[in-house]
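The figures here come from the full heavy-atom set of this structure, side chains too, leaving out hydrogens, waters and symmetry mates.
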Amino acid sequence: MVQEQFRRKDAYVSNLIRRKARAICRESRSLGFDVEDIEQDLWTHLVEHEARFDSGRACFETFADRVIENKVKSILRHLGAQKRDARREEFSLDDVVQGFDVEPGARHETIPSRTSMTPDCQDVTEDLKTLLSQLHATERAIVKALHQGTPKRCIRQQLGMSRRQFDRRLTHIRDAARSLGLSDYLS
């Protein structure tokens, strides 16, 4: 009985991995991936995550499905990046970099901090502070919510505004931004 359960699990996972690998190969025909290589990557990823399986939370098939699906998404995201720009190079932030004007060190150490902004960046920051200081508290809340990606409909509901009131506030925000020369940053 137990051996039959393991055979069914193994058959399910094998079939799942085979189907996903073929789908990835169809998606990336131009990049020349091999089905067997992708199957091996998916198996390896599942084995690496097998220790995290908790039979109290879900059955193994569900666990395997989620782990494989996450790996497939990662592979497809990587393929999409390759398709967009074949010259794009992946690298680690821990790679050691050397340059003419840079001391040898980890790549992440070469990334400028927020405090070392360029003069142009500092000017825009000051302009944005000026813009926000000219706005009403409700308009500042709208700008903040829009910056966070909140849909306009949700912002209107949270603030209890009609569409017409909301549109008037947006017009005022845009006019204030234009008066400061920030129209390039309006969307």
Side-chain angles (χ1 to χ4, degrees), residues 1-98 104-115 121 140-161 163 166-167 170 185-187:
M1 180 71 176
V2 173
Q3 288 179 342
E4 180 62 31
Q5 287 178 337
F6 283 120
R7 274 193 217 112
R8 277 189 289 156
K9 287 180 185 178
D10 194 35
Y12 173 80
V13 173
S14 295
N15 187 28
L16 174 69
I17 287 176
R18 192 175 311 110
R19 281 186 297 118
K20 296 293 184 175
R22 287 180 182 158
I24 291 171
C25 285
R26 278 192 305 274
E27 180 80 21
S28 61
R29 268 180 255 139
S30 62
L31 299 174
F33 281 104
D34 189 26
V35 175
E36 289 82 18
D37 289 341
I38 294 174
E39 283 182 20
Q40 183 176 358
D41 285 346
L42 295 176
W43 273 111
T44 303
H45 188 72
L46 180 61
V47 168
E48 288 171 353
H49 287 80
E50 197 171 14
R52 295 173 43 201
F53 172 63
D54 179 8
S55 60
R57 294 183 67 195
C59 66
F60 185 77
E61 288 87 352
T62 303
F63 172 78
D65 189 52
R66 297 294 183 267
V67 170
I68 298 300
E69 189 61 35
N70 287 337
K71 182 63 176 176
V72 167
K73 287 178 184 176
S74 173
I75 290 170
L76 291 175
R77 196 169 36 249
H78 174 75
L79 292 175
Q82 282 184 326
K83 284 181 181 179
R84 282 190 301 278
D85 187 359
R87 299 164 300 168
R88 184 176 173 172
E89 177 184 349
E90 288 188 7
F91 55 84
S92 169
L93 291 176
D94 294 325
D95 289 346
V96 176
V97 292
Q98 297 180 354
R107 187 178 304 272
H108 65 55
E109 295 169 352
T110 64
I111 298 172
S113 68
R114 288 181 181 243
T115 58
C121 240
R140 285 194 298 271
I142 291 171
V143 170
K144 182 178 179 182
L146 287 172
H147 178 70
Q148 292 172 343
T150 308
K152 292 177 183 177
R153 178 183 45 81
C154 294
I155 299 170
R156 282 195 326 262
Q157 288 174 349
Q158 290 170 354
L159 297 175
M161 301 175 108
R163 182 176 286 169
F166 185 79
D167 289 343
L170 277 181
Y185 298 100
L186 298 176
S187 57

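- The minimum heavy-atom distance linking A58 with F53 is given by the pair O-CE1, 3.3 Å.
- Here the shortest heavy-atom pairing between A21 and V35 reads CB-O, 3.9 Å.
- Legend: salt bridge (Lys or Arg N to Asp or Glu O under 4.0 Å) pairs involving residues 64-76, not counting sequence neighbours, sorted by first then second residue: K20-E69.
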Listed pairs under 3.5 Å, donor-acceptor, residues 140-155 side chains, sequence neighbours left out:
| from | atom 1 | to | atom 2 | distance (Å) |
| --- | --- | --- | --- | --- |
| R140 | NH1 | L132 | O | 3.4 |
| R140 | NH1 | L135 | O | 2.6 |
| T150 | OG1 | A145 | O | 3.2 |

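- Put simply, CZ on R18 and CD on E39 are 6.5 Å apart, with the number rounded to the nearest 0.5 Å.
- Between Y12 and E61, the shortest heavy-atom contact is CD2-CG, 3.4 Å.
- Once rounded to the nearest 0.5 Å, the distance linking CD1 of I38 with CD of Q40 reads 11.5 Å.
- Residue pairs meeting the salt bridge (Lys or Arg N to Asp or Glu O under 4.0 Å) criterion with at least one partner in residues 42-60, sequence neighbours excluded, are absent.
- Each of V67, L46, L42 was scored for a side-chain contact (heavy atoms from CB on, under 4.5 Å) with V13, with one residue passing: L46.
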